[in-house]
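For reference, the structure is listed below as C-alpha cells.
Side chains included, hydrogens not; waters and symmetry mates left out as well; all remaining heavy atoms used. Computed from a prediction, not measured in an experiment: that's the story for all the values here.
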Amino acid sequence: MSAVSLQPHPNSAQFGSRQSALHFVAPPVSAASSLSRVPSLQARVMSQFRAQHPEAFAPQDGQNGSTRSSSPAQTPSRPGSPILTGRRHSQSPASAFRRPSSAPGNKQGSRAAYVNGRRADYDDADDDDDDDEDDEDNSRNGSHNHASSSLTRPSKPPLLRSKTEDGLRHDQVDGPDDDLLPRAVAKQGAKHGFEGHYQSEDIIFQLANNWYMYFTDKRHETTGKPKVPGFVLQDWRMRDRLKTVSAAIAVCLNIGVEPPDQLRTTPGAKLEAWQDPTVPPVSKALENIGKTLQAQYETLAIRARYKQYLDPSIEETKKFSISLRRNAKDERVLFHYNGHGVPKPTASGEIWVFNKTYTQYIPVSLYDLQQWLQAPTIFVWDCSEAGNILNNYHRFVEKHEQEEDDTAAKDATYEKMTFRPYIHLASCGAKENLPTNPLLPADLFTCCLTTPIEMALWFFVLQNPLKTKLTPERARGLGGRLQERRTPLGELNWIFTAITDTIAWTTLPRHLFRKFFRQDLMVAALFRNFLLAQRIMPVYNCHPQSYPELPNTRQHPLWDSWDHAVDMALAQLPMLERKEKEGIEYEYVNSSFFTEQLTAFEVYLDRGDALAQKPPDQLPVVLQVLLSQQHRLRALILLGRFLDLGPWAVQLALSIGIFPYVLKLLQSAAQELKPVMVFIWTRVLAVDISCQGDLIKDSGYNYFAAIMKPQETFPVVGVAVLDEHKAMCAFILAMLCKNYRPGQIVCNSTEIMTYCLQHINHPENPLLRQWSCLCISQLWQDLPEGKWRGIRENAHLKLAFLIKDQCPEVRAAMVHAMTTFLGIPDLTDEVARIEEGIAWTMLDLATDGSPIVRKELLVFFSHFVLRYENKFLVAAHEQLLEEKEYLLFPLPDDGQDHRMGLHYARAAHRDRDGTIQPSAFGVAHDSVFAACWKHINILSVDPHPEVQRDATAIVDFVHHELLHSPVGEQAQKLIDEILKRARKVSRGDMSQRTSVVGTHTAVAQPMPSPGLLKRTASYLFGPLIGTMEIPASAVFSPPTSPRLQRTLSQRSRKGPSLDAAPPEQNDQTTSPANYHVANEPTCAGYKERSLTEAPTLPVTSTFLDWSIEYFREPQMKAPEPEEPGSNEYNKRLWRRSRNEAVLMETQPQKTHARTHKWNSQIGVINNGTQPAKMTFHQFENHVAVADDGNTINIWDWKTNARKSRFSNGNPEGSKISEVKFINEDDQALLMTGSSDGVLRVYRNYDSDENVELASAWRALTHMVPSNVNSGMVFDWQQVNGQVLVAGDERVIRIWNAGHEMCSHEIPARSGSCVTALTSDQMTGNIFVAGFGDGAIRVFDTRNRPQESMVRKWKDDNRQWVRTVHMQRGGQRELVSASRNGMVRLWDIRKDKPLATFGTTAHHVLRTASVHEHLPVLAVGTSVHTVRVFDLDGRIISSMEPYSGFLQGHKDTPIAVTAFHPHRMLLGCAARGDHRLNLFACGNERVERFDRLSERLTDRLSDRLSERISERG
C-alpha cells in the first residue's frame, strides 16, 4: 500500500493493533481524547538497572570497556490495546528481545529489576563460592547473555565485579560464622517463589516495554467538556460572489492617424493584439484586432458576453455603456479601453473617443462614464498616462454618492444608484508613456493581461543575456494548447497559474486574495496576469497601477522558478520544431516544477514552520497539482498531513479554494485515493460542518457509506480498509446527520445503521465503536423513522452490550445514543416498554468509575424524567414518605436491612426475615422510575462536582414540579416534618455548610444525615433550606438511599464482627477534626449552577462536541513531550536523570540501614493540623500529609516549605483513609481514599493555584454499617494500573484505572472488615489482605473470584491487623503487624510464618511501616515511642517524636509513620501534636555490628588475597 502512504508518525496508532506506516491513517489518541505521554521506557529501565549495578556500566579497560545504552530520543509508541488508557513506550524491535546487561540472571553483582521506579532486587547465589563455581557461573551467564542479545550485538564476556568496590558487604562472607549474619541478608533470593519473575524474559520484556501513565487522558483534563474554539470560522464560500457577465472592448486606434499629444518613433511598436495593422489589407486591420482581442479575453472567461466597439463615438460609448449595465443587472461588467489612437487621459479625469465623422476627438468625463456603467465594474486602461484616470475616479465616485444621498434625503422613494465596488487595472502612472520599442507589441499591457504565456516567452527571449538563434517569434510559437496540460504551452500555463497564485497568496492579505483570486474567473485571471505586467513593464519604465493597490511582486523569488520552467521548455523548442518538420522521434520532457514544489511542501511539514503555524508558500501549488493525475496522490497525502496540523490549517486550505477539488474527487473511483480522501473530509467536517449539503449533492455520502461496509477492501491495492478509516467514515456520516434532517433521511435510506451496529462489536478499535454509537445517535435523533428502524434492527439491545465496554468513551457514546433514542412521539405501550427496559439497563452505569459516563447517564436520566414526569413525581413523593417513615421508626440493627431492597419500611410492615410486606408497597414500588429516582439521588452526592451538579439539577427540577403539583401542599408538609425531625435527631443545623473566610468549596457538602443515609453510610447532598417555612418554589434535595443494587450475596450476613475492634479506632484524644478549612479543588472548567434560576431539563450533553475535537487535533506528529528538543521533552529528560541519580545514591544503603541507628532528626514540620496519613514521593522532595478531617498538605521535606494545601472534599464525619502518589516516574498525581468509599485523583497537587481534580468515583458502593470500622483501604499497582479497594464491605474490588471500571469483585471470605492491603508490584497478580479479626488472606487474581483466595493465616488472638506489606525490592519480604505488637514475616507458599517477634512489649502497636527496599520496619506505639527494627526482630533505634511545650503529653500514642520509598528517611507524628518529625539513618553504628565488622573485615581481606593470588 505504499502508493497511499502518508507516512504518519510511527506512534500514531492508539486504538486497535499497531498499524504500518504504509497506511494512511489518522489514528486516534483516545476515543476523542489525547493521551498522556512519557519518555521512552527502554532508556528508563536500562538506567534503573544501571542505577542498581553502577559497576556493571562503568567504563572498563579492554573488551569490557564499551557499554550499550538507549538513546534518550528514542520515540515511544502509543498503546495498541484499548484495554489500558495510558501510553505505552517501546524500544526498537531488535532491542525488545534483548535483555539488559544488568538484568536479573546476568551475573554482574546482585540482580535487580525496577518496577515503576521502585527497586525489586534479589541476590545471586553465594558470591563466596569457590573459584570453580564462580568461573562456571560466569561462563554459564556469559553464554546466556549471548543467547539473549544475539539479535542485536555479539556476545562479550560478562562484566566482573570487584568484591571490594562498595566497601564491606555482609553477603560476601560465608563459613562457620554465618550464624552471626542477619538472616535477612543471607543468600536466600526473593521470597514467595518470585525468583522466576527476574528470570522471565516475558516479564522483563513487559516491564521494559509496557508503560502507562494513568488519569492523564484528555477526558481527565476536560471531563467531556469541549474547549472554547481557538479559531473563528471564516466564510470561505464567498456568499456575495460576483461574476463578470458582460464585457465591452473599446478599441480607439484610428489606424493611420497619429494623435496630437503622442510621439511615435520610427521604427516603433506596432503590434496590437499580436496583429500588425500595417499588413494588407489595412482596411481589415481594425476588425482583425478586435476579433483577436475578444478571442484572447475568451480564453480567460468564455461564458462572459463580449461586444467589440471599434473606434467608438461619444454616442456609441454612452449607448453601449448603458446597455452593458442594463444587461448585467447587478453583476460585474468589464470595460476594456485601448486609447492608443486618441489623446492621453486628461489630468481632470477625461478619456477620449471620436465624433461620428472621425474628425474630432471628443472627451468623455469619468463622471459620466460612472453614471452609465455604475457598479460593480472592472476597468482595463491600456493607454499612456493612465494613472490620471485612477487619480480622478475616486473623486467622482464620492461626488456621485453625495449627490445620491442628497436626492434620497429629499425623496424617500428614490432608489439610489451604486458606484462601488470597482476595480481598475491601468498600464502606467500619471506621467508615464507606453513603451515604443519596436521589439515589443504596442499593447504590451493588454498582451500581459490576455496572453500571459506568449508575452512571458517573448519577454524571456528579449531578456536572455545569452546569444542564441531563438527569436521572440519562434518562442511565441511554442507548440501546444493552453487547455492541455500535457503540451508544452499548456504545462507552462499551468505552472504560471500556480506561481502567480502563490505570489498573490504570499503577498496579499487573505481577504483580498479571496476577493480577487477566488471570487470571479475573469477577475482572478486578470489579476494573475497583472502580476506578470508588474514584472515586465517596469523594465521599460512603465509601472502598472491597480485599484485596490497590489504590492509590487516583481522581485518575488518564485519568478526565478518561472524563468527556469520557461528556460527548460524553450530548450526543447529546436527538437520540437524538428519533430514537427522532419518527423523525428522526440518526447517532450515535462517540467519538474510541481515535483520540486511538493518536495518543498514536504520539507515545510517536517520542520518548525508548520509547528509555528506559518502559512506555507506552496499551498496554492498543491491546489493546482490536484488537477494532475500524475501528482494527485502525493499532493493529497501532503495536503492531509497539512490539515492534520489543526483547524488553522483547514481554514487556510478552505480559503485558498481546496473544497471544490476534494468534493469533485468523491466521484472518482480510484481506490488508492480513498484512505486520504476519508482523512481529508474528516478534517474538513471537524472544522466546518456547513459542508453537509455538498455531501448530499451527487450522492457524495455514498463514497463513505461504501467504505463503512464491514468487509470492504481496496481491490486495486489489495489491502483491507483499516478500522481507522471506518471510524472516520462513521464520523463523517454522523456530521452529515448532525442537526440536518436531509442528511438523516438520505443516510437512513442506506445500510449505514446496519453497518454501525456491526461495528459496535469490533473487538480491537474503541474509536470505531465510539463513533459507530455516535453515528447511530445522529441517525435517529429527532427522527421517528430512524428510531423505528433502530427498533426493527434491535439497535437498543445491541447497544446495551456496550455497558461493560472497556473504553469509557465507548460507554459514554452508547449512553448518548440511548438518550437520543428516547422521545418517539407516539408513546405506545411497546415504546414505553422499550424505553423502560433501556432505563433498567442504564442503572448499571450509576456506579461507573468514569465521570464522563456518569455525566452522560444523567443526561439520559434528565430526558427520561422529562418524558415520564408524572411517574417521577409519584416516586419522589413516596421517597419523602419513606424518609418520614424512617425518622419516625428508625431501623433496628437486626442485620436484615438488605432484604428491603430499594425501599424502607418499619419493623411492623416487615416479615420476620426482613422482607417488606406487600401491603406496605407504594405505587412506585420496584418500578424503574423509583430505581432511577434513587440512583439520581445517589448521584447528587457524587464525589465529582460536575456529576453532582447535574444530578442536583434533576432532583431540584422534580421537587420544584412536585411542589407545584396538585399534591404540592402535602409534599410541603412532608418536607417540613422531615426537616423538623432531622434537626431533632442530629441536634445540629442541616443548612448548607459555610466555608472559612477566604476559601471556596467546589460544591456544598452535606452533614451526616440522621435519616436513611445513616443506614447506608452515605451522605445527604443538598442544603435542606435553612428555615422551617419553605416556600413553594424552594429547591430541595432530600436524603437518598444508595443501597439499590440487589447483591444479596454481599449482604447475607450481619456487619463486621466488632469483637476485636480496637478502641483506638474511635480515638478521641484530640479535638474533633476541622473540615473544609482549605480550598477544594474542582475539575478543569467547572462552573457552578445558578441557584437563583429555576431548574430546567433536560441537561445538555457536551459529549458529541467534545468527541469531535479529537479530529481537530494533530495525530500524525509526535506530541510535544515526545518531540526531541521541546521544553516538555527536556523536562522529562531531566526528571529521568534526577530519578537515576536518586536510585544510584540509595543503592548502597541496604547494609548501612540495618547496622546504623535511625535517630538522626533532620527536620520538624509543623503541619498545622493533626497528621493522620502520610506518604513520600519517590523522587521529588514531596511528602503528602492528610489530617484527621479532609485537609491535605504537601510539604517539601528538605526545606520544610509548604507547597500546597487543599481540602479533599470528603463529608464531615469521614476521614482520609489513604494517600498515595501515582505516575511517580514523570509528573505524579495524588490519589486519596476516604472512609466514605470514595477515591479522588489530583493533578498539580503541589500548587495551590493549579491543583485540579482529575477524577473521582465511589469505589466502595455497599459500605457495611459499623460503629467502629476500618473505612476504606486501597493499594495502587502502577505496573498494571489497578486499584485494590477494600474496607467495610464483603468484597475486595479491583478497579482498572485504564478502563475506569471495576474489573474484579473478589469475595473477602470473612465476616470482619479488611484493615490492610498490599500486593505484588511486579506482576500485580498476587495481593494480600489483613482483617480486623487478625486473619491474613492471600489472593491470586488469575483465578476465578470464588477461587481467588489461595492462602489463609489465622491469628488465634484475633488481633486487629495494623499493617500488611510486601516489599517492592529487597527480598520481597511480606510483613504483617498486629495491634498487640506481633510482627510476622510470611512466605505465601508456606502455612506458617517464617519469623515472629514482638515489638511493643505490653503496649499497643498503633502504626507500622516497612521500607520498600531496606530490611527495616518501624512501629509506633501507644506510649509515644517509635521503634525501628531489622527484619530479624533486632531493634535498631527507639526514639520519641518531638512534642511542643504546650502540646500533647509524653504518653500520647503515635498517629502515623512512613518510610521514604528509597532514602533512609522516616517520618512520624503523634496524636495531639501537629508536628511531623523526620528521622534519618545516621552514622552511629548499632553496638552488635561493631564487633561483627571487625571479624568481617578480617575474613574479607583474607578471602580477597586468596582470590587474587589464584588468578595470578
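Cation-pi check for Arg237 over Phe659 is met; the charged atom lies under 6.0 angstrom from the ring centroid and within 45 degrees of its normal.
Applying the 6.0 Å contact sphere to NZ of Lys307 captures no more than 12 heavy atoms from other residues, nucleotides or ligands. Remark: Ile584 CD1 is packed, more than 12 non-hydrogen atoms of other residues, nucleotides or ligands lying under 6.0 Å away. Counting heavy atoms of neighbouring residues, nucleotides and ligands inside a 6.0 Å radius, atom NZ of Lys344 exceeds 12 of them. Enclosure of atom CD in Glu549 is not indicated, since only 12 or fewer non-hydrogen atoms of other residues, nucleotides or ligands lie within 6.0 angstrom. Summarising the local packing, CD of Glu473 is surrounded by more than 12 heavy atoms from other residues, nucleotides or ligands at distances under 6.0 Å.
A centroid separation of less than 6.0 Å is found between the aromatic rings of Phe379 and Tyr393.
Judged by distance alone, with hydrogens and angles left aside, the side-chain atoms of Gln370 form no donor-acceptor pair with the main-chain N or O of Phe419 at under 3.5 Å. In this structure, the side chain of Asn392 engages the main chain of Ala347 through a donor-acceptor pair within 3.5 Å. Counting only distance, with no hydrogens or angles, the side chain of Tyr358 and the backbone of Asp311 share a donor-acceptor pair below 3.5 Å. A donor-acceptor pair under 3.5 Å is absent between the side-chain atoms of Ser628 and the main chain of Val625, judged by distance alone. When atom types are taken as modelled, the side chain of Thr471 and the backbone of Arg474 share a donor-acceptor pair closer than 3.5 angstrom.
The side-chain heavy atoms of Pro538 and Arg554, taken from C-beta on, include a pair separated by under 4.5 Å. Taking 4.5 Å as the limit, every side-chain heavy atom of Cys448 sits out of range of all side-chain heavy atoms of Asn529.
When all heavy atoms of Leu576 and Pro488 are compared, the pair lying nearest together is CD1-CG, 3.9 Å.
In summary, of the residues considered (Trp352, Phe445, Trp381, Tyr309), a ring pair (Phe, Tyr, Trp, His ring centres under 6.0 Å) with Tyr337 occurs for Trp381 alone.
Distance check: Asn433 CG to Glu385 CD gives 5.5 Å after rounding to the nearest 0.5 Å. From Ile658, atom CD1 reaches atom CH2 of Trp236 across 11.0 Å, with rounding to the nearest 0.5 Å.
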